[in-house]
Every structure is written in C-alpha cells, then in structure tokens.
> 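Sharing a structure below in structure tokens format, with a few things to ask.
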Amino acid sequence: MTKDEVVKLLILIESVYPNCIIKDETIQQWFQYCSEMDYELVMAKLKNHIRKSPFPPAIADIAVFSFAENDFPVTFKEWMKKGRERIECERDHAQRIPIPEWLVEYSTRKSV
C-alpha cells in the first residue's frame with residue numbers, strides 16, 4: 001500500500017468517526033504497518049468495520065496481509081488419492097481370514 005492510499009484510509013476513518021483525531025505519530029505508524037498490505041482488501045475490511053462498529057478501528061482490526069501461494073492443497077489431494085488407491089489395492093489383494101464353520105451361519109460374510 002502506498003502512502004497516498006494510507007492517507008485515504010485515515011481520511012475516511014476521520015470522516016466517519018468525528019471524535020477520532022489522528023496524530024502525526026499515528027500516521028507514521030500506519031505508514032510503517034500498512035506498507036505490506038493490499039489496499040483493496042484493507043479498504044473492504046474497513047468498510048465492513050464501519051458498518052459494524054461505532055468505534056474507530058485499530059490497525060489490527062483492518063489488517064490484511066497477503067500470503068505467499070503454496071501448492072499444499074494440490075499436494076494434499078494427490079497424497080489422499082494415492083493413499084486411497086493404496087488402501088483399496090491392499091484390501092483387494094489381502095488374504096481374508098476364513099470364518100470358522102460354527103460362525104458361518106451367523107455371519108453376513110461368506111467364507112473364502
């Protein structure tokens with residue numbers, strides 16, 4: 001987020017919350033923390049905060065950090081698929097323990 005975008009956020013906060021007066025030190029802190037954030041996402045979260053809260057937001061209330069994309073969900077799905085295939089394969093090839101003769105009449109499974 002650029003300094004101009006941070007100023008726009010702070011102007012919006014001051015205009016919506018008339019009792020909120022932002023000092024120079026506060027502006028410097030917002031510049032420092034908001035430089036890593038995405039303006040559009042923060043603005044959306046700020047608008048949501050304005051709808052819900054009668055109090056001005058702290059940085060933590062509207063902070064949105066972008067996370068690096070990773071391929072974990074794809075890797076996890078592949079791992080689950082391989083595990084499922086392995087379990088089904090083992091189940092199909094596993095030798096079943098035969099049911100004792102005296103238990104056959106009570107079992108739903110047929111002895112092999």
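Start at 1 with the first residue, then count along the sequence.
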> Are V74 and M80 grouped together when hydrophobic residues (ILVMFWY) are joined by side-chain heavy atoms under 4.5 angstrom apart?
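In one cluster with V74: M80, no.
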> Show me the donor-acceptor pairs, under 3.5 Å and distance only, between side chains in residues 10-38 and residues at least two apart or in other chains.
{"unit_1": "E14", "atom_1": "OE2", "unit_2": "I22", "atom_2": "N", "d": "2.9"}
{"unit_1": "S15", "atom_1": "OG", "unit_2": "I11", "atom_2": "O", "d": "3.2"}
{"unit_1": "S15", "atom_1": "OG", "unit_2": "L12", "atom_2": "O", "d": "2.8"}
{"unit_1": "Y17", "atom_1": "OH", "unit_2": "S53", "atom_2": "O", "d": "3.0"}
{"unit_1": "Y17", "atom_1": "OH", "unit_2": "F55", "atom_2": "O", "d": "3.3"}
{"unit_1": "S35", "atom_1": "OG", "unit_2": "Q32", "atom_2": "O", "d": "3.2"}

> State, with a plain yes or no, whether a side-chain heavy atom of D61 is found less than 4.5 Å away from one of K45.
no
> Quick one: pull up CE in M43 and NZ in K8 and give me the separation to the nearest 0.5 Å.
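Nearest 0.5 Å value for the CE-NZ distance: 8.0 Å.
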> Let's go through L41 and F65 carefully: what are the C-alpha distance in whole Å and the side-chain angles of both, what is the deciding distance for side chain to side chain contact (heavy atoms under 4.5 Å, CB included) to 0.1 Å, and is it a yes or a no?
CA-CA 9 Å; L41 296 175; F65 295 97; over 6 Å; no
> Where do L9 and M1 land on the side chain to side chain contact (heavy atoms under 4.5 Å, CB included) test, with the steps shown first?
CA-CA 11 Å; L9 284 174; M1 186 181 313; 3.5 Å; yes
